[in-house]
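What follows is a short report on a single structure.
Predicted model only: the values in this text are computed from it and were never measured. Protein chains get the first letters and strands the later ones, always in sequence-line order, with residue 1 at the start of each.
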4 protein chains.
Amino acid sequence: MITPEPTIFESLESEVRGYCRSWPALFATAKGSWLHDEDGKDYLDFFAGAGALNYGHNNDVLKKPLLEYIANDGVTHGLDMSTPAKRELLETLRDTVFKPRGLDYKVQFPGPTGANAVEAALKLARKVTGRETIVSFTNAFHGMTLGALSVTGNSMKRAGAGVPLVHAAHMPYDGYFDGTTTDFQWMEKVLDDTSSGFDRPAAVIVETVQGEGGVNVARVEWLRQLAEVCKAREILLIVDDVQMGCGRTGPFFSFEIADIKPDIVTLSKSISGYGMPMALVLLKPELDVWSPGEHNGTFRGNNPAFITATAALRHYWSDDELQKSTLIKGQKIERALSEVAGHFTGVSVRGRGLVQGIAFDDPSQASKVCQAAFEHRMLLETSGSTDEVVKLLPPLTITEQELDQGLHILTNAVDSVCGGIGVVA
Amino acid sequence: MITPEPTIFESLESEVRGYCRSWPALFATAKGSWLHDEDGKDYLDFFAGAGALNYGHNNDVLKKPLLEYIANDGVTHGLDMSTPAKRELLETLRDTVFKPRGLDYKVQFPGPTGANAVEAALKLARKVTGRETIVSFTNAFHGMTLGALSVTGNSMKRAGAGVPLVHAAHMPYDGYFDGTTTDFQWMEKVLDDTSSGFDRPAAVIVETVQGEGGVNVARVEWLRQLAEVCKAREILLIVDDVQMGCGRTGPFFSFEIADIKPDIVTLSKSISGYGMPMALVLLKPELDVWSPGEHNGTFRGNNPAFITATAALRHYWSDDELQKSTLIKGQKIERALSEVAGHFTGVSVRGRGLVQGIAFDDPSQASKVCQAAFEHRMLLETSGSTDEVVKLLPPLTITEQELDQGLHILTNAVDSVCGGIGVVA
Amino acid sequence: MITPEPTIFESLESEVRGYCRSWPALFATAKGSWLHDEDGKDYLDFFAGAGALNYGHNNDVLKKPLLEYIANDGVTHGLDMSTPAKRELLETLRDTVFKPRGLDYKVQFPGPTGANAVEAALKLARKVTGRETIVSFTNAFHGMTLGALSVTGNSMKRAGAGVPLVHAAHMPYDGYFDGTTTDFQWMEKVLDDTSSGFDRPAAVIVETVQGEGGVNVARVEWLRQLAEVCKAREILLIVDDVQMGCGRTGPFFSFEIADIKPDIVTLSKSISGYGMPMALVLLKPELDVWSPGEHNGTFRGNNPAFITATAALRHYWSDDELQKSTLIKGQKIERALSEVAGHFTGVSVRGRGLVQGIAFDDPSQASKVCQAAFEHRMLLETSGSTDEVVKLLPPLTITEQELDQGLHILTNAVDSVCGGIGVVA
Amino acid sequence: MITPEPTIFESLESEVRGYCRSWPALFATAKGSWLHDEDGKDYLDFFAGAGALNYGHNNDVLKKPLLEYIANDGVTHGLDMSTPAKRELLETLRDTVFKPRGLDYKVQFPGPTGANAVEAALKLARKVTGRETIVSFTNAFHGMTLGALSVTGNSMKRAGAGVPLVHAAHMPYDGYFDGTTTDFQWMEKVLDDTSSGFDRPAAVIVETVQGEGGVNVARVEWLRQLAEVCKAREILLIVDDVQMGCGRTGPFFSFEIADIKPDIVTLSKSISGYGMPMALVLLKPELDVWSPGEHNGTFRGNNPAFITATAALRHYWSDDELQKSTLIKGQKIERALSEVAGHFTGVSVRGRGLVQGIAFDDPSQASKVCQAAFEHRMLLETSGSTDEVVKLLPPLTITEQELDQGLHILTNAVDSVCGGIGVVA
């Protein structure tokens, strides 16, 4: 039934490869919510490039200007030289994203990955404040380079560093104690206690929803209070919106719901819209103390990605249609999942917008559900510290019908996995 | 004369931007060795995307399959899923690059930047050996993320980290003492002296020619001895071929000239061939101790870049034509530069293949030369710890005529800058 | 009234000097609970060398064998050579301290200070486990050398390091949240959550009562649970008994009350009994993986201190008289302090045995009380993160009369400081 | 023949013990240059407490005031309170040591060990400069606490830390390349090269003769140039005179010979004169930026040691008799050792004043010589990175006869060890 893994990957590619083990197919083409393998089989994608494909695979809205740009020999590799493609992106960011939201960020092109953006953000926070420690949260994920890894929680990934990861202080994320403690009790106490052993931090870095960490959703009031905790102590607030930004939770920025204005924002994944490597750091103007070239990188001027990014912003963010539909689709998923979860004990649902998760008290059920879904040609991944959560990250552009189809496969998978052992009645 | 910098970059882009300050033009399109600005002016590119454009801008050999791939909705964003595009790249690497050179590396896709490759290489070296220190060299440049920055020399860039950069030991690069000391005298002594204070390193990371460091060229015998120094002490040898690989110095790998086989090789910049973000780590099979997913990254499967990479390898590396022409062109540059340098005191020439440099005892002359060249619409950059070296990185595909034209502009620029003050006779 | 500070201290001694500023007298001789200045004035000592003088100043029980030893030219400086003085100390430790308590510790002489003992303990814990992180607690104090400082809480002292203090994780001490959270809720959660960002620690280091931290008393059940938390996770438990050991809280070891057996114990301060520099590390036999000389130090064989240590153990610890009287005296202090505290709001009492504290909601009152006491020739110090606690550390050998006298001065001082502002009725 | 090691040490003392393994005797009393074991056997001490007993064991000049002080109940444990004993020490330091040498140091009492002094010196250098790196030298030894260990060379001792030792840069000590390179070639180059990867250091810490490192003697011109290298770059110069100070090399400070004035000096070992734990940091007045209590320690006021220190300074340093005799005795040793070394190949001699060493190309010979000497009841230790040097550290007060006796035993030991294998003719 399953396509055997082609030999060249087994023989020549490093053992570090991961997703190709969960999804043993040879994916040749892709469109919208679908991947197609070499044998012509179709797979419904509820992973969307780990959040890098909010507008689906090879979206024609973006593909057309991309092909034109390449065909016309627009600058491809531009370092940080000025180009019309970059100019248009900056103008579009300003007019479509910043102005309507009352934001006046400056824009840094830190290199093409989320980790580049996080590394640059941490550098800047340290430079501005003259302090070293960064506060991050339990179950956080911010990247795999040494600086980003220091503020990441996962012990397996941390161990990969091969050196101690320091200059970070990890605090409890919202809900870490299931509401049994007051919000920020620990964090405020150690920040204000000069003998707590916690050195005054440069910044706090936070995801509003922790995707890799298990679809942990921070409440609006928690985010708002976090912003206040930071502001009162002159600690910079960095929102890592690499996965949750670009509309994943509904609004363009995931933090809009809390009506806060972070000092620094990192964007990547879906910012180019087409799955092309690109990242941004947004920073308050008063923080722009960089010296020219103090942070750089060969691929920070991936101009084809600027073209698709501009097209995506113009098409999807000139009005609030996408935001609305994301929220409606999210509610639909939540309803469907809650219903199936209600049939079993030890199964619960959480999420915001189009990032949703089903958590299993028995972590092994989560991977069984993903495996069952794959057998029905649907791509789903687990997340969370024990891989206990099935994470749904469908394209925001998914159709009603595709969504229904996916939910059908998924709820059946949950039923089949939990059916024999957890039925309530 | 110079195009004024467009307002949006000044007002909205971070102060960290660099090249756009040296080259105040708005570059719209590009082809081969040329960039063209919005006003229709042409610029001869002797920088080639800091070495990311060895095959020139928007090379039609690569552009054609790229457009086809995109048009046909080939998978764009593939994480580390198996795709035909990746399969072909792996096969081509094996058949075109590894087999003819007797290499049996395994291939890791560490994320799309050179820094991703360096971070992954350092992690792996530390995991394999259980040691922490990495030996790097004076004036080395390996990237801007925290791990890569630790092994980088430049103090301005290092200071940007905002935290102490540790777990690295810096050794003198070839020629650091102008031949007044025995090669590896310091390094061998401290490695073998158990009371030197130097902890046993996991690996040595080296560039065979230091591009950013000032076009410092390691001699063949120095590289060979370095490999022996490492082997004798069970220290891994990492060649960072991000800038010098893919034919920049003549052969595909810059280390081939020394007939050594590094334990780990990092590739990026020109490996995609088209300026698209992509990077590889090559590792000896016995070092492939990665756990699945122990290092990952959203953009490690930039499939369009696999397409262009495959096309570039097939077209340019199935025979030794490119290698030969690179060496011939390099000699031509060397002759021309040596001649003009001979007219002045305090000016010298160095390089290998198509990375060449003119070093000035008075560092201010180097930037003046670049500025003068830009006024004649030629792009050149300085490098070296005091920016004392004009670095030439033309596309390997540059024509004879373009090369002559560039050398004409450059030698005139040197003449005009040095003329009034350093003429010998 | 106050003796003016002699010029030579002001002119020649570093600004780092501290106690001589609080107590501007020139102390010439000392006996029991008293210090005497050059002008013949007597000062009642409720600080006892910060806990180094549990048996009082120049105790004749110890002084006699000390004088004899020196007069007879016993080895003074013995490195770690075997001497009869060391033999007797080891035998006395075994027979008087270990055997009656069912302990089988091995004994390390790590150098003469508490910080030496802590540094050695941390080294050993890291060596045994192969891990790096040490868990310590909010408001902990373990010493001023770099390793000990890393596990210390005080931000002023930490900042003195001049380098980031790493490899430590700080956890809430008992009572940190005034009982509003479950014991070890945070600690157990982050230790067991593989994505918390907390690396698996080598050891936990704890004071059973935090002296410098503000006379914070860990409950017996908290200590017991801490031991279980560690044991269940194969984390070593280090009790730093430098200040609270040697009978300060009643029993010889402060942890006896909880019926736990730490893996490693550090002792210093009163272990020599006479205020002479000496320290010990006690370690479970299975942890004794030291290589010869792997930790050393010039003054680890301070044999005169071994003589007084032996005499102190024999005289004071062959029966339970001292322990009993310490507890009785402690209760007397507690009663007296509680009574005076009851007269005011914002004043509270805490302690165990002969370490007792009066905490003031208004921290300035604590130093005013100490100053008022000094004006009546009584030595007292503040502690706590905001110096909000008056700490009582009288010699364990203090007489009833001296204790009454001290309590009289102290309660009057509290009355005079709090009287005008905090009287209840 | 050899006293069997008493059981209690084997059974109860940690495996970390070292010297008692080399010298398996039970040393009961000591006087001058002699140790006496319980069986009445006498041992000639050419180790002198690792340099802590420059005035011999239990010197009556110091013993008398010590006994009086203790008998009269002088303050024993004084923290950093002002006492007449400290006042006299400060006055004596000023009048006997500082004034005649034109020095105006301020004096810090950092705790009783050399490592305390080194840790305080490093803290201060970092605080004053705001930099983190400390330059130390190959084969340096500065102590076993974490900060001191970072600047120590020995790999076995470094590994004991259990965490990476960072913030230190190790440079070649004088003679490291046997004169084949220019002095400070490496150090000056990397300090001045902004791309060397070496961060600007706070301070350089140096021993003028490396005792533990193998009796490596820095030439006067090297020390002088080192001082200039530091001064020109605003890097603080710390001379660690813990072992070489207090007259070991002839003058009171070992650096006097080079006519340099270090910014910071650490003293310990023989500063108390009697083997009692005590240490000092001397610092230029403009560096005295300590806050009160920023560095502290329980045993920094070991007043009996102040008494013996004062007596030693007054008796031995009011004139230049001791300095003269030290140099004469040193020359005598050098002559005798050179003669015996001349009989063999692979044996050489080095030293300054009364620290002298015999180095063996075959390291095993050094320990054999020490063992042979011990069989003739003479205490000698090896040093150097491979324990290849027999180190002579006799008391400065050794008599002519004792010196002759020691040299007789030693030269015989060398003869017997080297005789069969290395005789020249």
Side-chain angles (χ1 to χ4, degrees), chain C residues 6 8-9 12-20 26-31 49-50 52-53 58 67 73-77 79-84 87 90-91 106-108 111-113 119 123 126-127 132 144-147 160 162-163 167 269 275 277 288 290 292-295 297-299 302, chain D residues 6 8-9 12-20 26-31 49-50 52-53 58 67 70 73-77 79-84 87 90-91 106-108 111-113 119 123 126-127 132 144-147 160 162-163 167 269 275 277 288 290 292-295 298-299 302:
Chain C
I8 188 80
F9 302 106
L12 204 63
E13 194 176 352
S14 162
E15 293 300 322
V16 81
R17 68 196 188 279
Y19 292 114
C20 60
L26 194 70
F27 297 106
T29 59
K31 198 75 187 178
L53 296 166
N58 300 326
L67 282 171
D73 289 325
V75 167
T76 298
H77 182 277
L79 291 161
D80 65 355
M81 294 186 270
S82 301
T83 63
R87 180 183 58 199
L90 287 169
E91 288 169 351
K106 293 196 76 174
V107 179
Q108 178 180 2
T113 72
E119 293 262 348
K123 281 184 185 182
R126 284 163 170 152
K127 179 170 187 179
E132 283 142 346
M144 296 295 282
T145 52
L146 205 59
V163 293
H167 311 305
K269 291 200 185 260
D288 193 14
W290 286 114
E294 196 174 358
H295 181 90
T298 296
F299 293 118
N302 187 14
Chain D
I8 188 81
F9 302 105
L12 203 63
E13 195 178 351
S14 162
E15 294 300 323
V16 81
R17 67 197 189 279
Y19 292 114
C20 59
L26 194 69
F27 299 105
T29 59
K31 198 74 185 177
L53 295 166
N58 300 328
L67 283 171
I70 297 173
D73 289 325
V75 168
T76 298
H77 182 277
L79 292 161
D80 66 355
M81 293 186 270
S82 302
T83 63
R87 180 183 59 198
L90 286 169
E91 287 169 352
K106 292 195 79 174
V107 179
Q108 179 180 2
T113 73
E119 294 262 347
K123 280 185 186 181
R126 284 163 170 153
K127 178 169 187 181
E132 281 140 349
M144 297 296 281
T145 51
L146 205 58
V163 292
H167 310 305
K269 292 203 186 260
D288 192 14
W290 286 114
E294 195 173 359
H295 180 91
T298 296
F299 293 118
N302 187 12

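Side-chain contact check for D:Glu15 versus C:Lys106: some heavy-atom pair is nearer than 4.5 Å. In this structure the side chain of C:Leu146 never reaches within 4.5 angstrom of the side chain of D:Thr145, judged on heavy atoms.
Only the side chain of D:Leu53 comes within less than 4.5 Å of a heavy atom of chain C; its backbone N, CA, C and O stay farther away. In this structure, the portion of C:Asn302 lying under 4.5 Å from any heavy atom of chain D is its side chain and not its backbone. When heavy atoms are compared at a cutoff of 4.5 Å, D:His167 approaches chain C solely by way of its side chain, counted from C-beta outward. Heavy-atom distances place both the backbone and the side chain of C:Lys269 under 4.5 Å from chain D.
D:Ser82 contributes atom OG, which lies 4.0 Å from atom CZ of C:Phe9 (distance to the nearest 0.5 angstrom). Atom OG1 in C:Thr298 sits 11.0 Å away from atom CE in D:Met144 (nearest 0.5 Å).
For the residue pair C:Thr29 / D:Asp73, no side-chain donor-acceptor distance below 3.5 Å is found, with atom types taken as modelled.
A donor-acceptor contact shorter than 3.5 Å links the side chain of D:Asp80 to the backbone of C:Tyr19.
Applying the side chain to side chain donor-acceptor pair (under 3.5 Å) test to C:His77 and every residue at least two apart in sequence or in another chain returns nothing. Residues passing the side chain to side chain donor-acceptor pair (under 3.5 Å) test with C:Glu132, sequence neighbours excluded: none.
Of the listed residues D:Gly49, D:Ser14, D:Gly275, D:Gly162, the one with more heavy-atom pairs under 4.5 angstrom with chain C than any other is D:Ser14. No other option in D:Ala28, D:Ala50, D:Gly147, D:Gly18 has as many heavy-atom pairs under 4.5 Å with chain C as D:Ala28. Heavy-atom pairs under 4.5 Å with chain D were tallied for C:Pro84, C:Gly160, C:Pro277, C:Ala52; the largest tally goes to C:Pro277.
Nearest heavy atoms, D:Thr113 versus C:Thr113: CG2-CG2, 4.3 Å. Closest non-hydrogen pair, C:Phe27 versus D:Val75, comes out as O-CG2, 3.6 Å. Shown here for D:Arg87 and C:Leu26, the closest heavy-atom pair between the two residues is NH1-CD2, 3.1 Å. Of all heavy-atom pairs between C:Asn58 and D:Gly74, the closest is ND2-O, 3.1 Å.
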